[in-house]
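What you are looking at is a predicted structure, and each value in this text was computed from that prediction instead of being measured.
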Amino acid sequence: MGSVRLAEIIDVLDDAYPPGLAEGWDSVGLVCGDPDEAVTSVTVAVDATADVIDEVPDGGLLLAHHPLLLRGVDTVAASTPKGALVHRLLRSGRALFTAHTNADIARPGVSDALAEAIGLEVGDALSPSGPGTNLDKWVVYVPTEDSDALREALFAAGAGHIGDYSHCSWTVAGTGQFLPHDGANPAIGSVGAVERVPEDRVEVIAPAKLRAHILAAVRSAHPYEEPAFDVFALAPLLGDTGLGRIGELPAPEPLSVFVARVRAALPETTWGVRAAGDPRATVSRVAVCGGAGDSLLDAVTAADVQAYVTADLRHHPADEHRRGSPVALVDVAHWASEFPWCHQAAELVRGRFGAALPVQVCPVRTDPWNVEDDRTEKRT
C-alpha cells in the first residue's frame, strides 16, 4: 500500500476546488488530520457519517462534500454525535477534508458531474460567478499631485484586488476642465473662471458590496469639493465558474423519456424522481444544479432551456415557477444529485497519484430518507 503526505493531496484538491470560491457562510478544507503526515488511501463520499467512516481504512483520508462541522459548532467533545466522529477519526490516524460550495462553483465541479451522468454535453454556468461577478470598476479623475494619495485610500478601502494580486490600478494623464459657479468653493481656481487642471484618470476594481466604503474613500482623499468619478458594474464572463450548468442532449426527446433518463442515471433513493411539466414536451437544452437549487429558478427561466434538474424543490417556489415559466422541473434526492461528484473527485486524485494512493468511492448511501411506503408500487 502506498502513502502520500496529506499536504500533497490538499494541494491537488485546493487547485481543483479553490477554497476562495466557497460561499462566506461555508466551512471547507481540512477538518482534522496532520498535513505533514502520510495517508494511505482516499475515500470519497457526500457525507461524513458513522457508516461512511467505517469504510475508511485506518490512516486514510475521507474526502466529503458536505461539511461535518458548520453552523453553531462550539465543541467536538466525544459525548456529542459529531465530536464522537472526530475522535474516531483521530484515534485511528484518519483525516477529514471537505469540499462543499467551492466544489459546487468550480469547473469541473458538482453540477458538471451531474450533467455528465445524465448524458449532457456541458456548456456554460447557469449562474456565473467568474471574473466580473459582483465587481465594480471605479474611474476617478484627480489632480496629478493627489493621485498617489487617492490610490492608497482606495486600496485601504478594499479596492485593487485581482486574484492573488493587490494594489492593482490603471492611471493615465489628461486635462480636467470645470467652471465654478456662485456658491461653489473650489479647491483650485475661482468662481466664474474656466479652470483647466492636469489630472490623472485612476481606475480600480472593487467588490460591489464595498461601494459605500469606496465612495467614502474617494470623498475623503480627493481635494475637490465635487469629485468626478464613474462606477461601472462589470458583467460576468459566461462559461466560467458558477452554480449550475447548462447542457445539451445528444438528440431531442420527450420530457417523459428525459425523466426516465435521469432516473436511470442516478442512484436509487426513496425520494425517487419527481417531475412537473408536459410529458410530451420536447427537451433538448437542460439546466442542472447539484444539491438544493430552487434559488436559481429565475436564472433557469432566463436560460432558454426546456427542463431543469435539481434537488430539494419546495412547494411554493416550484408552484410559482410553473405558473410563470415553461421550463419543466425534475426534482431528485439531494444526495443522489451530488453523488456523481464523488467519482469526479476520485478520478482527480487517481490521476495525480496513480498507484501510489488507493482511492475509492464510498458505497454507503447517506441519503437521510430511508423508509419507503410499501403500499406504493415501486416504479422501475
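Judged by distance alone, the side chains of Q177 and R196 do bring a donor and an acceptor atom under 3.5 Å apart. Between the side chains of T270 and W369, no donor-acceptor pair of N or O atoms lies under 3.5 Å.
Within the model, atoms NE2 of H315 and CD of E320 stand 9.0 Å from one another, a figure rounded to the nearest 0.5 Å. Atom CG of D15 and atom CD1 of I10 lie 13.5 Å apart (nearest 0.5 Å). Interatomic distance, CZ of R365 versus CD of E268, reported as 7.5 Å (0.5 Å rounding). Considering CD1 of I105 and CG of L243, their distance stands at 5.0 Å, rounded to 0.5 Å. Atom CG of D58 sits about 8.0 Å away from atom OG1 of T40, to the nearest 0.5 Å. Of the inter-residue distances, the one linking C32 atom SG with L69 atom CG reads 8.5 Å to the nearest 0.5 angstrom.
Proximity of I188 to P143: side-chain heavy atoms (C-beta onward) are separated by under 4.5 Å at one or more points. Contact annotation: the side chain of L154 never approaches that of S169 to less than 4.5 Å [non-hydrogen atoms, C-beta and beyond]. Here the side chains of V140 and V204 are not in contact, with every heavy-atom distance at 4.5 Å or above. With a 4.5 Å cut-off on side-chain heavy atoms, F353 and V42 do not count as touching. For the pair L6/L30, a side-chain contact is recorded, criterion being any heavy-atom separation below 4.5 Å from C-beta on. Put simply, the side chain of V288 does not reach to within 4.5 Å of the side chain of L126, judged on heavy atoms. The shortest side-chain heavy-atom distance between P254 and R280 does not fall under the 4.5 Å cut-off. C342 has its side chain within reach of V46: a pair of non-hydrogen atoms, C-beta onward, lies under 4.5 Å apart.
Hydrophobic clustering (side-chain heavy atoms under 4.5 Å, transitive across Ile, Leu, Val, Met, Phe, Trp, Tyr) groups I246 together with V300. Transitive grouping of hydrophobic side chains (ILVMFWY, heavy atoms separated by less than 4.5 Å) keeps I214 and L135 in distinct clusters. Both L357 and L61 are part of a single hydrophobic cluster, where members link through side-chain heavy atoms under 4.5 Å apart. Both F232 and Y141 are assigned to one and the same hydrophobic cluster, defined by single-linkage of ILVMFWY side chains at heavy-atom distances under 4.5 Å. Linking ILVMFWY residues whenever their side-chain heavy atoms come closer than 4.5 Å, directly or via other members, places L249 and L266 in the same cluster.
With hydrogens and angles disregarded, a donor-acceptor distance shorter than 3.5 Å links the side chain of Q344 to the backbone of G109. The backbone N or O of L68 lies less than 3.5 Å from a partner atom in the side chain of K82, making a donor-acceptor pair. Judged by distance alone, with hydrogens and angles left aside, the side-chain atoms of D331 form no donor-acceptor pair with the main-chain N or O of A275 at under 3.5 Å. When atom types are taken as modelled, the side chain of T171 and the backbone of V202 share no donor-acceptor pair closer than 3.5 angstrom. H321 contributes a side-chain N or O that, together with a main-chain N or O of V327, makes up a donor-acceptor pair within less than 3.5 Å. Looking only at distances, no side-chain donor or acceptor of D294 sits under 3.5 Å from a matching main-chain atom of L313. With hydrogens and angles disregarded, a donor-acceptor distance shorter than 3.5 Å links the side chain of T310 to the backbone of C289. A donor-acceptor pair under 3.5 Å links the side-chain atoms of T101 to the main chain of E23, judged by distance alone. A donor-acceptor pair is defined here as one N or O able to donate and one able to accept, closer than 3.5 Å; no such pair exists between the side chain of E253 and the backbone of R261. Formation of a donor-acceptor pair under 3.5 Å by the Y308 side chain with backbone atoms of G293 is found in this model.
Here the closest heavy-atom approach between residue S325 and residue T301 is recorded as OG-OG1, 3.2 Å. Considering every non-hydrogen atom in both V52 and A45, the closest pair reads CG1-CB, 3.7 Å. Between A193 and P180, the shortest heavy-atom contact is O-CD, 3.3 Å. For the pair G33 and P35, the tightest heavy-atom approach, listed with the atom from each and the gap, is O-CD, 3.6 Å. Minimum interatomic distance between A345 and V44 (heavy atoms only, all atoms of both residues): CB-CG1, 4.1 Å. Residues C168 and F155 come closest through the heavy atom pair O-CE2, 3.6 Å.
A side chain to side chain contact (heavy atoms under 4.5 Å, CB included) with F97 is found for exactly one of V31, D14, L62, namely D14. Each of V12, D11, L13 was checked for a side chain to side chain contact (heavy atoms under 4.5 Å, CB included) with I9, and the lone residue meeting it is L13.
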Contacts table for residues 84-96: side-chain donor-acceptor under 3.5 angstrom, sequence neighbours left out:
{"unit_1": "H87", "atom_1": "NE2", "unit_2": "V76", "atom_2": "O", "d": "3.1"}
{"unit_1": "R88", "atom_1": "NH2", "unit_2": "D54", "atom_2": "OD1", "d": "2.5"}
{"unit_1": "S92", "atom_1": "OG", "unit_2": "R88", "atom_2": "O", "d": "3.0"}
{"unit_1": "S92", "atom_1": "OG", "unit_2": "L89", "atom_2": "O", "d": "3.2"}
{"unit_1": "S92", "atom_1": "OG", "unit_2": "R94", "atom_2": "NE", "d": "2.5"}
{"unit_1": "S92", "atom_1": "OG", "unit_2": "R94", "atom_2": "NH2", "d": "3.0"}
{"unit_1": "R94", "atom_1": "NH1", "unit_2": "I53", "atom_2": "O", "d": "2.8"}
{"unit_1": "R94", "atom_1": "NH1", "unit_2": "V56", "atom_2": "O", "d": "3.1"}

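Residue pairs that meet the ring pair (Phe, Tyr, Trp, His ring centres under 6.0 Å) test with at least one member in residues 32-73, sequence neighbours left out, are H65-H100, H65-W341, H66-H100, H66-H334.
Taking the charged nitrogens against the carboxylate oxygens, R201 and E199 have no contact shorter than 4.0 Å, which rules out a salt bridge. Salt bridge status for R322 with D319: absent, with no side-chain N to carboxylate O gap under 4.0 Å.
The aromatic rings of W335 and F339 are tilted relative to each other, their planes meeting at an angle between 30° and 60°.
Atom CD of E121 is surrounded by 12 or fewer heavy atoms from other residues, nucleotides or ligands within 6.0 Å.
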Check against side chain to side chain contact (heavy atoms under 4.5 Å, CB included), V197 and Y224
CA-CA 12 Å; V197 181; Y224 287 175; 3.6 Å; yes
Any chance you could lay out the side chain to side chain contact (heavy atoms under 4.5 Å, CB included) test for V142 and V218, step after step, and finish with the verdict?
CA-CA 10 Å; V142 61; V218 170; over 6 Å; no
Hey, mind stepping through L215 and V231 against side chain to side chain contact (heavy atoms under 4.5 Å, CB included) and telling me if it holds?
CA-CA 10 Å; L215 179 57; V231 183; over 6 Å; no
I'd like to know whether L255 forms a side chain to side chain contact (heavy atoms under 4.5 Å, CB included) with V259, so could you lay out the CA-CA distance, the side-chain angles of the two residues, the decisive distance to 0.1 Å, and finally the verdict.
CA-CA 6 Å; L255 175 62; V259 172; 4.0 Å; yes
